[in-house]
Amino acid sequence: MATYEFRRIEKDWQAYWAKHNTFKTETISEKEKYYVLDMFPYPSGAGLHVGHPLGYIASDIVSRHKRHNGFNVLHPMGYDAFGLPAEQYAIQTGQHPALTTDENIKRYREQLDRIGFSYDWSREIKTCDPNYYKWTQWIFIQLFNSWYNPKTNKAENIQTLVSIFEESGCETEDLNFSKEDWLGFSEKIKSDILLKYRLAFLSEAMVNWCPELGTVLANDEVKDGLSERGGFPVERKLMTQWSLRISAYAERLLTGLDKIDWSESLKEAQRNWIGKSVGCSLKFYSENIEIEVFTTRPDTIFGVTYLAIAPEHPSLDLLCVNGFRDQALEYAEKAKNRSERERQAEVKNITGAFTGSFVKHPFKNEQIPIWIADYVLGSYGTGAVMAVPAHDSRDYSFAKHFNLPIREVVSGGDISETSYDAKVGEIINSDFLNGLSVKDGIKRSIKEIESLKLGFGKTNYRLRDAVFGRQRYWGEPIPVFYENGIPKAFSENDLPLILPEIDKYLPTESGEPPLARAANWSYKNNPIETTTMPGWAGSSWYFLRYMDPSNNNGIASKQALDYWKDIDLYMGGSEHATGHLLYFRFWTKFLFDIGIIPSDEPAKKLINQGMIQGLSCLIYRVNQTSKFVSFALKNQYETTPIHIDIKLVNAANEVDIEGLKAWRPSEFSSAEFELENGKLICGTEVGKMSKRWHNVVNPDDVCNDYGADTLRLYEMFLGPLQDAKPWSTQGIEGVLRFLRKFWRLFHNNTEENFNVSIEAPSKAEFKILHKTIKKISEDIDNFSFNTSVSAFMVCVNELQDLKCNKKEILEPLVVLLSPFAPHIAEELWSLCGNTEGVSYATWPKFQPEYLVENEFNYPISFNGKVRFNLNFALDIDNKEMEASILNNEQTQKYLEGKEPKKIIIVKGKIVNVVL
RNA sequence: GCCCAGGUGGUGGAAUCGGUAGACACGCAGGACUUAAAAUCCUGUGGCUUCACGGCUGUGCGGGUUCAAGUCCCGCCCUGGGUACCA
């Protein structure tokens, strides 16, 4: 018997879509726009695994649904093509990263095509394409040529700053010069001053240096003191580096979160990363010392019993005096040299040293000792804190450890055991602050501090400027050259600055980045910058390029930018919360400020699809032997678990031993196996799907065995889109079974002869259809795709029971199913006699009249326990219904002769008899 | 530690507004068709109890609000994710 031939159907329709450019999007249209974007992948050598398509399928469903509803949908795909793995492969093999990248992209494209996504491939972009990175470089130049004006609260051209300097000089904490001074400065000095303001700037700063990778890393590329890529140790190092002044946008990045529809957890992650704290700066003095601290709790000023400074504090040398100097400096040196990682690992070890110096308390006659403590960070605030042990847990532990006084100044806690950190309570022991609440105390103390000119109200952010240069080859060259040591941007007309060919992809012998190997790496006889941009450069604006991908005059045409504006739905993983998703908001705000784009947030709505985890299979080697034991026996020995290829294991966790020997002959061909019941049983573990754990499931295999439509439906059916879930093919059969049943509805309940009737459907059949239209439409709007699949199953089961093969019912169902399972939908749509494809067919309209009921089968409950059901007309009078219930034989049984206190009737829902 | 999300059958999960807990699917058990297998179809399937009708119990734990709680409130426990001497 011929069956539902998914392999042929899927191949045919994929060819049809390609031939007819079915999903080509008009750049400008009369129709309303809808922009659905997937985070573009880095094309790795491992290819796609079944986890990648999860989000792509969901966004494809939304795109197709919007097309059915008459929107002009932009749904593109591309590649984040610069990156470390291709470069490391190049170092090992000498193969040019561009070649490796192209091969990988080709494979990704084949895999994506098999799943039937409705991407407009004519808009494909690659970040390593010079026609693309020309504009990444162009944006860098705009950043270089801009500064952030705090008065207008936006980025402006650097010339507006130069005008200010020319007219009135400059008077800030760090800089102080008159307009005459400015005019007299050398070009070099002017350049140095402007670099302190440019949004892309060169500065000497502590950076995260990874010796193993030979490059610096941004904060979000370091996790627990290790590099995110490769897991190598990272050190702090003072280097001159290009950075982007994202800190200027801290406040706007924070407040902007309130107007976008992103998940609360993701917004919270960004808020924490930006880390706003409101407080004040405050200077402490002695005769020859001045130390500035930052605090969020100026209300506790009378509780200060010592100052703590970071080991990196600039005034350290000055502060260490007489009998304490050697010991203190030795401590500071030791603390400084410990890596970030060590410092983090030893959080609970309290260490510190007294400097021997004192400062005066600002409001009373008291000397306050200055300590060095490694719990104070050199890179945050001023690198010094006023310690209030009674009301800060870290100060408390430190004070306890070194026997320093603890003075309570806010009532409400018990400071004999632990500090009282809460910002509630009445201020005590605090002179002019006594009796105030914490909130009022903060205001009052800041006022006092300001009037004495000791400090001022101030807001600090944790967000650091982003290091932008990488000592690597495979990235965008930074379009900057050095004329007499002064950094200058390329002329826009000379872009793109093409990545040069070099002989080796390693740093030079003198330790310079790979680009220093390039012949003639100069611009108008001046040396060009040799670091390249980080991976996140190209991904910070790519969503704009899709709007008009081949434009030669700008990132996109003004009309295209104005029409498409922003992303309506952005789909991607939450691992980018503090990296890409922050950077692309930053660049969007910048481009908005300089008038290039119409929106200052890139994505109105963001959905984080959950990760599909892999199930790894483990066998157990007895230590120091080549003997492997079955799962149940592993506790009898000292064993080491070994990951094996999941293809060698069946559904009952039985290992194919012959296959195992063939897989890794050197390891297993002569191994001994101890079995249970004649089988080698493996253990399992849920974790990341990765080549390394041999647990990767390739979507191509699933498409071969079950079909792309089944894969699409199954991935949606697994559970809520946002949840993480382990991949398992248990249950995929059920989805294929459903598609076969659907197919059979059109084929006279065999799978062969197409047979639909033009007879008028019954009321019951219409009801099933409209119930489904309603449910699917609502579910798509709520991104609840797992329940849509189940609704389809219910619908098909019900129609099958009615043996329904009416065209008037089945044809609209094809349209409903088409976003989810587009290939079978196209096939059935065409069998129904349609000559145009289904992709732009009108979405069926829900007609509520088909669902109107005039009776309801009420559950009758007694004290909340449902006992039986009774049918009543929905328009029946409550009195009448009550009487009927009371007269009912079964009611009498449950009343047990008692008089009901009350009868609650909820129309169309339930009846509750209260006894 | 702090922040966020979550905890429902053997499994994945459903219950969108406080109104019949367990939809849909997997798995399992039994049956039909078949020489057989595959495919397909039918029946059953939270637990305890009962020949059966039925009864009791049940959404991490302990309280509470309500005619009615998986859903709301209070207090805990556990899991996953993020983040951390950030002053």
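Per chain, numbering begins at 1; letters A, B, ... match sequence-line order.
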If you look at every strand shown and take non-hydrogen atoms under 4.0 Å, does [X] touch a base, only sugar-phosphate, or nothing?
{"X": "A:Asp421", "result": "nothing"}
{"X": "A:Asn782", "result": "base"}
{"X": "A:Lys901", "result": "nothing"}
{"X": "A:Pro720", "result": "sugar-phosphate"}

NZ/NE/NH1/NH2 to OD/OE distance under 4.0 Å, [X] and [Y]:
{"X": "A:Lys400", "Y": "A:Asp395", "answer": "no"}
{"X": "A:Lys774", "Y": "A:Glu778", "answer": "yes"}
{"X": "A:Glu882", "Y": "A:Lys879", "answer": "no"}
{"X": "A:Glu264", "Y": "A:Arg271", "answer": "yes"}
{"X": "A:Asp392", "Y": "A:Arg394", "answer": "yes"}

At less than 4.0 Å, is any side-chain N or O atom of [X] found next to OP1 or OP2 of [N]? Yes or no.
{"X": "A:Asn797", "N": "B:rA25", "result": "yes"}
{"X": "A:Asn272", "N": "B:rC4", "result": "no"}
{"X": "A:Tyr894", "N": "B:rG55", "result": "yes"}
{"X": "A:Arg737", "N": "B:rA39", "result": "no"}
{"X": "A:Arg867", "N": "B:rC56", "result": "yes"}
{"X": "A:Ser574", "N": "B:rG81", "result": "no"}
{"X": "A:Arg462", "N": "B:rA84", "result": "yes"}
{"X": "A:Lys725", "N": "B:rG13", "result": "no"}

Determine the interatomic distance between [atom1] on [N] and the same-named atom on [M]; round to the nearest Å.
{"N": "B:rC3", "M": "B:rC76", "atom1": "P", "result": "13 Å"}
{"N": "B:rA32", "M": "B:rG80", "atom1": "C1'", "result": "46 Å"}
{"N": "B:rA38", "M": "B:rG30", "atom1": "P", "result": "14 Å"}
{"N": "B:rU40", "M": "B:rG54", "atom1": "P", "result": "34 Å"}
{"N": "B:rG46", "M": "B:rU59", "atom1": "C1'", "result": "11 Å"}
{"N": "B:rG70", "M": "B:rC17", "atom1": "C1'", "result": "15 Å"}
{"N": "B:rA5", "M": "B:rC73", "atom1": "P", "result": "13 Å"}
{"N": "B:rU50", "M": "B:rG44", "atom1": "P", "result": "22 Å"}

Can you confirm whether A:Leu319 sits close enough to A:Ile309 that some side-chain heavy atom of one is under 4.5 Å from a side-chain heavy atom of the other? yes
Give me the distances for all protein-to-nucleotides 69-74 of chain B N/O pairs that come in under 3.5 Å?
none

Looking at A:Thr355 and A:Ile370, would you say the former's side chain and the latter's main chain have a donor-acceptor pair under 3.5 Å? yes
Whole-Å gap separating [atom2] ([N]) and [atom1] ([X]):
{"X": "A:Asp779", "N": "B:rG13", "atom1": "CG", "atom2": "P", "answer": "17 Å"}
{"X": "A:Ile903", "N": "B:rG19", "atom1": "CD1", "atom2": "P", "answer": "21 Å"}
{"X": "A:Ile885", "N": "B:rC67", "atom1": "CD1", "atom2": "P", "answer": "19 Å"}
{"X": "A:Gln800", "N": "B:rC24", "atom1": "CD", "atom2": "C1'", "answer": "15 Å"}
{"X": "A:Ile732", "N": "B:rG27", "atom1": "CD1", "atom2": "P", "answer": "12 Å"}
{"X": "A:Leu282", "N": "B:rA87", "atom1": "CG", "atom2": "P", "answer": "16 Å"}
{"X": "A:Lys267", "N": "B:rU83", "atom1": "NZ", "atom2": "C1'", "answer": "19 Å"}
{"X": "A:Phe717", "N": "B:rG27", "atom1": "CZ", "atom2": "C1'", "answer": "13 Å"}

Of the options [options], whose atoms approach the side-chain atoms of [X] most closely?
{"X": "A:Arg394", "options": "B:rC67, B:rA87, B:rG13", "result": "B:rA87"}
{"X": "A:Asp801", "options": "B:rC86, B:rA39, B:rC42", "result": "B:rC42"}
{"X": "A:Arg744", "options": "B:rC41, B:rG19, B:rA14", "result": "B:rC41"}
{"X": "A:Ile904", "options": "B:rA87, B:rC67, B:rC26", "result": "B:rC67"}
{"X": "A:Pro859", "options": "B:rU20, B:rA87, B:rC24", "result": "B:rU20"}
{"X": "A:Val914", "options": "B:rC24, B:rC67, B:rG19", "result": "B:rC67"}
{"X": "A:Gln730", "options": "B:rA87, B:rA84, B:rC26", "result": "B:rC26"}
{"X": "A:Leu377", "options": "B:rU20, B:rA87, B:rG13", "result": "B:rA87"}
{"X": "A:Lys741", "options": "B:rA25, B:rA14, B:rC67", "result": "B:rA25"}
{"X": "A:Lys902", "options": "B:rC67, B:rA25, B:rU83", "result": "B:rC67"}

Can you tell me the base-pairing partner of [N]? Count Watson-Crick or G-U wobble geometry only, both distances below 3.5 Å, and say none if there is no partner.
{"N": "B:rG44", "result": "B:rC28"}
{"N": "B:rC72", "result": "B:rG64"}
{"N": "B:rG22", "result": "none"}
{"N": "B:rU83", "result": "B:rG1"}
{"N": "B:rA52", "result": "none"}
{"N": "B:rA14", "result": "none"}

Is the gap between the ring centers of [X] and [Y] under 6.0 Å?
{"X": "A:Phe856", "Y": "A:Phe872", "answer": "no"}
{"X": "A:Tyr4", "Y": "A:His747", "answer": "no"}
{"X": "A:Phe398", "Y": "A:Tyr306", "answer": "yes"}

Toward the 5' end of RNA chain B, which comes first, A:Gly275 or A:Val906, by nearest nucleotide? A:Val906
Closest-nucleotide ordering on RNA chain B, the 5'-leading residue of A:Asp395 and A:Ser265: A:Ser265
Can you tell me if A:Lys767 has over 12 outside heavy atoms packed within less than 6.0 Å of its NZ? no
Please determine whether any donor N or O and acceptor N or O are separated by less than 3.5 Å between the side chain of A:Lys775 and the base of B:rU16. yes
Taking O4'-C1'-N9-C4 for purines and O4'-C1'-N1-C2 for pyrimidines, is B:rG9 syn (within 90° of 0) or anti? syn
Hey, mind stepping through A:Asp723 and A:Lys725 against salt bridge (charged side-chain N to carboxylate O under 4.0 Å, His left out) and telling me if it holds? CA-CA 6 Å; A:Asp723 292 3; A:Lys725 47 226 149 195; over 6 Å; no
